[in-house]
Structures are given as C-alpha cells and as structure tokens.
**Student:** 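Please read through the structure below; I'll follow up with questions.
The shown structure was predicted, so the numbers you read here are calculated from the model rather than taken from an experiment.
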Amino acid sequence: MKFLQDLNPIQQDAVKAANGPVMIIAGAGSGKTRVLTYRIAYLMACGVPAHQILALTFTNKAAKEMKKRIAALVGEDAGNLWMGTFHSMFARVLRKECVHLKFTPAFTIYDSDDSLSVIKKVMDRLNISVQQLSPQAVRSRISSAKNQYLSPDQAGALAADFISEKVSAIYTEYQKTLQQSNAMDFDDLLMKPIELFEKKKDVLEKYQHRFKFILVDEFQDTNKAQYRVIRMLGEPQNNIAVVGDDAQSIYSFRGADIRNILDFEKDYPECSIFRLEQNYRSTKSIIGIADCLIRFNKKQLKKNLWTSNPQGEPVTVMRCSDDREEGATIVRALHLESHKRKLDLKDFAVLYRTNAQSRTIEDALRKNAIPYEIVGGIRFYERKEIKDVLAYFRLISNQNDEESLLRIINYPARGIGDTSIERMQQHAAKNKTPLFDILAAVDDAENLTERAKSSIKQFKAFIEKYSALRKQMSMSEWTRSLVDELGILPMYKEERTAEAMSRWENVHELLSAISEFSHERPESTLEQFLEEVSLVSDIDKWEGERNAVTLMTLHASKGLEFPVVFIAGLEEGLLPFYSSTIETGDIEEERRLFYVGITRAEQKLYITHTELRYRYGEVAYPGESRFLSELGGKNIERVIMGKPKRASAESLFASDNVRPPALKSMQARKSEEHQFNDTMPDYESESQVQFEIKKGSIVQHEMFGRGRVAEVQGRGDAQKVVVQFDRVGIKSLVVKYANLRPV
C-alpha cells in the first residue's frame with residue numbers, strides 16, 4: 001500500500017472508500033485518472049480478483065494507459081481487468097450471450113455510414129422520399145431514442161406528429177433489417193445488454209455475481225441507457241464508484257444526460273461523496289478565469305477549484321479584424337511562446353468550436369511552414385478503400401451482412417451491375433431468403449444475364465475459398481493473400497494519381513495494422529480485429545508524439561493538456577454556438593465547453609475573437625462572446641490586433657491575389673495618403689517605455705519583431721508611433737503600452 005503516499009489526503013480517502021456507492025467529483029486537472037487507477041490497484045491489493053472489477057472509461061486509449069499504470073502498481077494480473085469503453089465492454093458481453101437475442105457471436109457492428117445506408121434503403125422500401133425526411137435526421141432521432149432506451153414500439157407510442165410517426169415506422173423496419181443482417185449499430189451495444197438482462201434474469205445474475213466492483217470514468221457523459229445498465233449490474237451490493245465533473249459535461253448531442261451526475265446522490269442516498277478540488281495542471285491565472293466563468297451556470301455541483309501552482313501570466317484575449325488576421329496572430333504568438341518558453345511545436349494546441357474554423361488557421365500555419373496535425377479529420381477506418389477491404393472481411397465473418405455484400409459484390413468491377421443486384425434483391429425478398437443465399441441459387445433468379453450469373457458465381461467462390469482458408473493460415477497471411485488476389489493494389493498503382501497512391505499506401509497500412517494486431521495477440525480472431533476497428537475513436541489513434549501543432553475542436557480536446565493553448569472564435573453565435581431556438585440549458589453546456597478548453601492550458605492561454613468572419617460563404621460581423629465578460633476583471637490582458645473593419649469593398653477580398661486591379665490601385669493610394677491616420681492601437685500591453693523614441697529609430701516588439709519608426713505622433717500618455725516592421729508591415733502603437741525596446 002506504499003503507493004497511497006503518492007496521493008493527497010482527499011484522494012486517499014476517495015481511494016480507500018471501497019464499499020457501497022461512491023461519487024468522486026473531480027475538478028479539471030485534479031488527478032482524476034490517478035485516483036481511478038489507484039482505487040483499482042487498492043481493491044486488487046486488498047484481495048479483489050481483477051476479473052471481478054469492471055472499469056468503464058471514456059476511450060480505449062485511456063483504458064490501455066490505466067492498465068499499464070495499475071500493472072506497475074500491483075503486477076501483471078491487471079491484464080485480467082474488464083476495462084474499456086462502454087461499447088467495447090458490452091460488445092464483449094454480447095459476443096458471449098447474444099444467442100439469447102437471436103444473434104450469432106459473429107455479428108457485425110455497423111458504423112454511422114453503414115447505419116445511414118440501411119436507413120436510406122428502409123425509407124425506399126417504405127416509399128418515404130429523402131426530400132420528405134432527411135436520412136441523417138432520421139438516424140439522429142433513432143440514436144436519440146436508443147440512448148433514452150426507447151424501443152420502436154415505445155417511440156411509436158410517444159409519436160405526436162407526422163415526422164415522429166414516420167421516424168417510428170423507419171425505426172421499426174431498421175431494427176428488423178439489422179436483425180436479419182446479424183448486425184448491431186453502436187447504440188445497440190448499449191441497448192441490447194439491457195434487453196438481454198431484462199429477458200434473462202439468470203444471465204443478469206451471472207454478471208452481477210462476477211462484477212463485484214464497478215467503476216465509471218467521465219460519469220457526467222453517460223446517457224440514460226448507460227446509467228441503466230450500470231444500476232442493473234451493480235445490484236444488490238451497489239459497489240459503484242463514479243468519477244466525473246459536471247462542469248465538463250459537453251456531450252448532450254450524443255445523448256449524454258447531465259442529470260445522471262447531478263441526481264446520483266438522490267438515486268443513492270447512502271453514497272459517500274469526495275470532492276477533488278486541487279488543480280495540478282494550470283496556473284492560478286488560468287484557474288481563476290475558469291472558476292469565474294463556470295459560476296454563471298445554475299445547474300452544478302458545489303466545488304471550489306484551486307491550485308498551489310505559480311500565478312503565471314495573465315490570459316491574453318486578442319481582438320482581430322478578421323479570421324485571416326486571427327490565423328496570422330496565432331502564428332506570431334506561437335513563435336513568441338516557442339522562443340520564450342523553449343517549447344516544441346507539439347506543446348501547442350489550437351482549439352475551436354467548429355471544424356470549419358480550422359481553414360484560415362491551417363492557411364497561416366502552412367504559409368509559415370509550421371507543421372500541424374488535425375485531430376478529427378476523416379478517420380483511417382472510415383476511408384473508402386479501407387471500408388472496401390474490411391467489407392470482404394466482414395462478409396466472410398458474417399454472411400448475413402447485407403451491407404458489406406452490396407458494397408463489394410461489384411468491387412473491384414466484375415460485371416455485376418445495379419440492375420442485376422436489384423433483381424437479386426427482389427428474388428431474395430420474394431423467397432424471404434438472405435441475399436447471400438441467393439448467390440448459390442443464382443440460376444433460379446429471373447432476368448439475369450449469363451455474364452452476370454457467371455460473375456456472381458465467381459464472387460461466391462472467392463468468398464467461400466477464403467472462408468475455408470481462415471482455418472489454414474495465420475490472420476496476417478490470410479489477409480495479405482486475400483488483398484493480393486483481389487488485385488486492388490496493382491489497380492491503384494496503374495492509375496498513377498496522387499489519390500490512388502494514397503489509397504495504395506492506406507491499404508498497405510491496414511495490412512500492417514492487422515500484422516501488428518496478430519503479433520500482439522497470437523490467439524486473436526478476425527472478429528476481434530473487426531470489433532476493435534469498429535469502436536476506435538479519433539483520440540484512440542492520436543499519439544501526440546509528432547512534433548507538430550495540434551488542431552482540434554473543443555469537444556475533441558477533453559482529457560488532454562498542453563503547455564500553451566489557443567481558443568479561437570469567441571464570438572456570439574460561434575461560442576456560444578446557437579440558433580434562434582437555443583435554450584438556457586444549451587448556453588450552460590456551451591459555457592462548460594469553453595471551460596473545458598480553458599482548463600486544457602498548463603502555462604499560457606490565448607483567446608481570440610474577430611470583428612469580421614466569413615461563415616457559410618457570407619461576411620458576418622459577430623459580436624464579442626458573452627463569455628468573455630464572465631471571465632472576471634483579474635488575470636486578463638486585452639490586445640487589439642489591426643484596424644477595425646466594416647463593410648467596405650476592400651474587406652471582402654482576403655488577399656492581394658484576388659483583389660481586382662481597380663481596388664489594388666485604390667488600396668495603394670489610400671496607403672500613401674492615410675497610413676498614419678490609424679485611430680486604433682494595434683497592440684496594448686501594460687508596460688512603460690524606457691527610452692526616447694525618434695523617427696528612424698530601430699525598435700524591437702515582443703510579438704511583431706524588429707521594425708523602424710516611421711512616424712511619431714503626440715506626447716505623454718497619448719503618444720503614438722507608426723512602425724514599419726520587417727515581418728508584419730506597418731503598425732500603429734500607443735507608446736505607453738507597446739513595450740518597445742531599442743535595437
């Protein structure tokens with residue numbers, strides 16, 4: 001138990017409260033992961049077998065890291081822990097028990113694209129046009145119903161309008177189609193265990209007896225279905241420990257219900273509560289503004305975040321004229337902080353509310369040859385060429401998987417056209433037979449050409465060949481042989497395009513991933529590999545080891561930390577992101593999202609907003625975010641970059657390359673006539689000038705670098721200078737605040 005000495009007194013108490021329900025309210029940077037890790041190690045050190053502990057984490061990556069830490073504390077038996085995400089752990093349960101739900105253990109897990117494809121087919125069968133109802137909206141509604149644990153019948157009973165009734169009908173048919181395909185979607189991995197436990201009490205009792213202790217990380221992000229299955233498994237001992245921070249509940253769009261953590265004490269009146277309030281990550285300045293901000297939320301659990309870390313520098317709020325200058329300003333500040341703090345590029349993160357905001361930031365980074373990495377682009381396993389190859393694996397594993405069959409029956413092209421496929425589907429529907437079974441009876445299908453029949457038979461023979469070879473070859477050899485016989489790699493090479501070569505490289509990378517998986521787990525199966533890749537997330541694959549600036553949304557940043565953080569776009573309508581129908585609860589979640597972004601920063605935080613921004617192809621003049629006024633008067637320095645712009649012809653053109661000749665000449669004349677008439681200082685920072693500035697002086701500015709004084713205007717506190725900087729051009733500065741140094 002010596003490892004308990006690594007914890008502060010409150011953390012120790014939280015770790016040692018082993019029995020009964022426990023709620024650990026863990027403020028940002030308060031050592032939540034350490035407490036969860038040490039609590040599991042403590043249970044094992046007290047004699048609880050690893051297989052009797054169920055630990056549910058937010059990402060698989062977090063689970064792997066925690067297992068390593070636990071193994072370092074108590075030994076390799078940590079490998080027997082049931083630890084992972086809700087989806088991965090309950091997929092594991094379902095593989096063992098799904099026969100009770102009329103599925104086979106080889107069931108396929110459909111991702112969002114697969115689900116959308118099924119929904120479109122169902123809508124077509126029900127004669128519901130995509131103009132009448134958006135398939136994406138239908139998928140979202142079905143997912144929301146599942147997260148609330150509403151069956152198709154229950155959703156139908158609650159339908160109160162035309163759209164809800166149509167969605168209910170689609171939902172019913174959608175579930176039937178999944179069952180026929182021996183497939184589940186992500187939400188089913190949470191719903192089906194509840195259905196299983198309600199139908200089979202003996203199965204529930206088996207897992208209740210097995211899991212004597214349940215621990216849940218990021219409890220504030222659980223939905224109704226997740227909370228329900230936890231409560232079912234926890235009875236009757238209720239040895240449930242939940243760890244979370246209501247101030248970081250930011251996933252309601254995925255179905256997360258903040259009431260789970262807010263009402264935990266009501267559901268378990270006998271629970272012990274521990275508040276982890278000491279932040280070990282950030283400076284006092286950063287914690288100060290975060291605490292001021294979150295106090296504006298009415299729905300929250302009581303806590304007072306504090307830190308013994310140094311005060312640190314004030315948080316810098318920079319007002320930029322437009323989004324291009326915002327990108328350029330971030331780059332300049334990045335250069336400044338890199339030199340001042342001796343940091344690598346991987347120590348910097350730029351966070352934003354929407355993915356679209358990254359474009360101008362990327363432009364600025366590319367222009368300055370600064371490498372960057374975006375977290376949350378197209379996931380590797382969602383790329384077309386990868387999904388094509390995986391579809392072969394999935395069909396061989398589960399021949400009822402109609403989505404995979406339809407995806408690859410004519411890939412690569414083998415002369416099986418859409419008309420032939422449609423006639424096969426009609427034949428399958430008429431005979432109430434799975435589509436794959438029709439391949440064996442293709443001679444009986446009506447209106448198929450002899451060429452199509454021959455191609456279908458060859459395709460079926462290929463699938464059967466590799467179904468048989470699975471037992472004779474290692475997984476790595478088998479996958480390479482299959483891909484080689486498909487002939488897609490030479491096909492990509494022959495195209496000789498950058499896109500084709502990228503696909504060629506990606507398929508090779510997939511084969512490498514399978515080899516690595518097979519090497520690490522020699523006894524693993526194809527189904528286990530398919531399950532792992534179907535549940536992978538952006539953060540699971542992000543290593544953060546490449547020396548590059550990290551770009552990501554605020555949602556993706558949760559759980560991470562960086563020495564220097566930039567949060568871009570603090571404007572009304574963007575952060576908080578809203579429409580005319582936004583409600584108070586939505587604003588509170590947006591405030592929590594901003595809070596999460598702030599508390600990612602360890603040493604320095606920059607916040608930017610613009611006066612002009614291009615959104616949806618239009619020029620907008622957003623107001624400053626209300627959240628900026630909620631940060632308090634302390635620990636903030638405000639900076640004004642550039643000259644405010646209003647709706648002028650020139651402001652509509654982002655670069656000289658796109659300005660028409662007439663505007664260029666007008667711009668040149670204005671530059672000559674009015675370059676010293678800037679009424680707004682470009683940069684303000686609390687400082688006093690220590691030398692006499694004259695026209696022609698060479699000066700150094702902390703952010704803008706070296707420049708020559710072109711004009712001196714006024715005297716005393718109002719004195720301004722116009723400086724021609726080597727890197728950023730002409731800037732007008734108030735001498736009192738500019739912190740200029742002689743060169």
**Student:** Could you measure the distance from the CH2 atom of W504 to the CD1 atom of I488? Nearest 0.5 Å is fine.
**Tutor:** 12.0 Å
**Student:** Is a side-chain N or O of E65 found less than 3.5 angstrom from the main chain of A62, in a donor-acceptor match?
**Tutor:**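 Judged by distance alone, no pair lies under 3.5 Å.
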**Student:** Taking C-beta and beyond as the side chain, do R638 and R319 meet within less than 4.5 Å on heavy atoms?
**Tutor:**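 No - every pair of side-chain heavy atoms lies 4.5 Å or more apart.
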**Student:** Thinking salt bridges, do D111 and K387 make one under a 4.0 Å N-O criterion?
**Tutor:**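 Result for this pair is yes, salt bridge flagged.
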**Student:** Provide the closest heavy-atom pair for A328 versus A364 in the form atom of the first, atom of the second, distance.
**Tutor:**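 Nearest pair, atom of A328 first, then A364: N-CB, 3.9 Å.
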**Student:** Using every non-hydrogen atom in the two residues, find where Y595 and A247 come nearest and quote the distance to one decimal.
**Tutor:** CD2-O, 3.5 Å
**Student:** Walk me through whether T610 and C320 qualify under side-chain contact (heavy atoms from CB on, under 4.5 Å).
**Tutor:** CA-CA 5 Å; T610 70; C320 305; 4.2 Å; yes
**Student:** Taking the side chain as everything from C-beta on, heavy atoms only, tell me whether V596 gets closer than 4.5 Å to S557.
**Tutor:**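 They are in contact (side-chain heavy atoms under 4.5 Å apart), so the answer is yes.
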**Student:** R592 side chain to S249 main-chain N or O, any donor-acceptor pair under 3.5 Å?
**Tutor:** yes
**Student:** For a side-chain contact (heavy atoms from CB on, under 4.5 Å) with L605, tell me which candidate from I289, T599, V317 qualifies.
**Tutor:**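 The residue from I289, T599, V317 that satisfies side-chain contact (heavy atoms from CB on, under 4.5 Å) with L605 turns out to be I289.
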**Student:** Kindly indicate whether the side chain of K32, heavy atoms from C-beta on, has any atom under 4.5 Å from the side chain of D245.
**Tutor:** no
**Student:** Aromatic rings F253 and Y251: how do their planes relate, parallel, tilted or perpendicular, breaks at 30° and 60°?
**Tutor:**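 Tilted.
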**Student:** Over all heavy atoms of both residues, which pair between T553 and T354 is shortest? Give the atoms and the distance, please.
**Tutor:**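 The pair with the smallest heavy-atom distance is CG2-C, 4.4 Å.
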**Student:** Sort out for me which residue in E385, H508, R383 forms a side-chain contact (heavy atoms from CB on, under 4.5 Å) with R503.
**Tutor:** E385
**Student:** Is any NZ, NE, NH1 or NH2 atom of the basic residue among E362 and R359 found under 4.0 Å from an Asp or Glu carboxylate oxygen of the other?
**Tutor:** no
**Student:** Would the distance check show the side chain of D344 and the main-chain N or O of K346 forming a donor-acceptor pair, the cut-off being under 3.5 Å?
**Tutor:** no
**Student:** Charged N to carboxylate O below 4.0 Å: is that the case for R353 and E590?
**Tutor:**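 Yes, this pair counts.
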**Student:** Let me see the working for T307 and T283 under side-chain contact (heavy atoms from CB on, under 4.5 Å), right down to the final yes or no.
**Tutor:** CA-CA 7 Å; T307 183; T283 63; over 6 Å; no
**Student:** Of L551, I567, L574, T608, which is the lone residue that meets side-chain contact (heavy atoms from CB on, under 4.5 Å) with Y352?
**Tutor:** L551
**Student:** Do side-chain atoms of E326 reach the backbone of A568 as a donor and acceptor pair under 3.5 angstrom?
**Tutor:** no
**Student:** Are any side-chain N or O atoms of T479 and backbone N or O atoms of M475, one a donor and one an acceptor, separated by less than 3.5 Å?
**Tutor:** yes
**Student:** Quick one: side chain to side chain contact (heavy atoms under 4.5 Å, CB included) partners of K340, sequence neighbours excluded?
**Tutor:**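 By the side chain to side chain contact (heavy atoms under 4.5 Å, CB included) rule, K340 matches E313, E337, E702.
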**Student:** Is any side-chain heavy atom of S285 closer than 4.5 Å to a side-chain heavy atom of Q311?
**Tutor:** yes
**Student:** Partners of A513 by side chain to side chain contact (heavy atoms under 4.5 Å, CB included), sequence neighbours excluded?
**Tutor:** Y381
**Student:** Side-chain contact test, heavy atoms from C-beta onward, threshold under 4.5 Å: evaluate it for Q700 versus L740 and give yes or no.
**Tutor:** no
**Student:** What do the steps show when you test V564 against R341 for side-chain contact (heavy atoms from CB on, under 4.5 Å), and what is the final call?
**Tutor:** CA-CA 10 Å; V564 179; R341 301 180 193 275; 4.1 Å; yes
**Student:** For R366, is the CZ atom crowded, meaning more than 12 foreign heavy atoms sit under 6.0 Å from it?
**Tutor:** yes
**Student:** Are any non-hydrogen side-chain atoms of L530 and R394 less than 4.5 angstrom apart?
**Tutor:** yes
**Student:** Backbone N or O of D6 within a donor-acceptor pair of the R34 side chain at under 3.5 Å?
**Tutor:**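 Yes, R34 side chain to D6 backbone: donor-acceptor pair under 3.5 Å.
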**Student:** Looking just at side-chain N and O atoms, do E325 and S321 make a donor-acceptor pair shorter than 3.5 Å?
**Tutor:**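 Per modelled atom types, E325 and S321 side chains form a pair under 3.5 Å.
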**Student:** Considering non-hydrogen atoms only, spot the tightest contact between F186 and S112 and give its length.
**Tutor:** CE1-N, 4.5 Å
**Student:** Is the NZ atom of K384 crowded by more than 12 outside heavy atoms at less than 6.0 Å?
**Tutor:**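 Result for NZ/K384: enclosed.
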**Student:** Kindly give the heavy-atom pair with the smallest separation between A63 and M83, and that separation in Å.
**Tutor:**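 What the structure gives for the nearest pair is O-SD, 3.4 Å.
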**Student:** Would you say the side-chain atoms of E572 pair up with the backbone N or O of R626, donor to acceptor, closer than 3.5 Å?
**Tutor:**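 A pair under 3.5 Å: yes.
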**Student:** Parallel, tilted or perpendicular: which one describes the rings of F529 and F517, with boundaries at 30° and 60°?
**Tutor:**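 The rings of F529 and F517 stand perpendicular, inter-plane angle above 60°.
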**Student:** Go through it in stages, so that I can follow the logic: the residues are L510 and V483, the test is side-chain contact (heavy atoms from CB on, under 4.5 Å), and I'd like the CA-CA distance, side-chain angles, deciding distance and then a yes or no.
**Tutor:** CA-CA 11 Å; L510 172 63; V483 169; over 6 Å; no
**Student:** Does E532 pair with R521 as a salt bridge, N-O distance under 4.0 Å?
**Tutor:** yes
**Student:** Please enumerate all residues that pass side chain to side chain contact (heavy atoms under 4.5 Å, CB included) together with S515, with sequence neighbours excluded.
**Tutor:**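 With neighbours one apart ignored, the set is S476, R480.
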**Student:** Under a 4.0 Å N-O cut-off, is there an ion pair linking D363 with K367?
**Tutor:**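 Salt bridge absent between D363 and K367.
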**Student:** For I287, run the side-chain contact (heavy atoms from CB on, under 4.5 Å) check against I598, N309, N635, L305 and tell me which one passes.
**Tutor:** L305
**Student:** Within the distance-only criterion (no hydrogens, no angle test), does the side chain of D323 pair as donor or acceptor with the backbone N or O of R613 below 3.5 angstrom?
**Tutor:** no
**Student:** So, applying side chain to side chain donor-acceptor pair (under 3.5 Å) with D221, which one of R254, K558, Q248 is it?
**Tutor:**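 The single option meeting the side chain to side chain donor-acceptor pair (under 3.5 Å) with D221 is K558.
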**Student:** Any donor-acceptor pair under 3.5 Å linking the side chain of D322 with the backbone of L612?
**Tutor:** no
**Student:** Verify the distance criterion only: is there a donor paired with an acceptor across the side chains of E637 and T316 at less than 3.5 Å?
**Tutor:** yes
**Student:** Please check this pair: side chain of S282 against backbone of A601, looking for a donor-acceptor N/O pair closer than 3.5 Å.
**Tutor:**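 Present.
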**Student:** Is the shortest side-chain heavy-atom distance between F58 and T85 below 4.5 Å?
**Tutor:** no
**Student:** State, yes or no, whether a side-chain contact exists between L575 and L554 at a heavy-atom distance under 4.5 Å.
**Tutor:**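 The answer is yes, as the side chains (C-beta and beyond) meet within the 4.5 Å cut-off.
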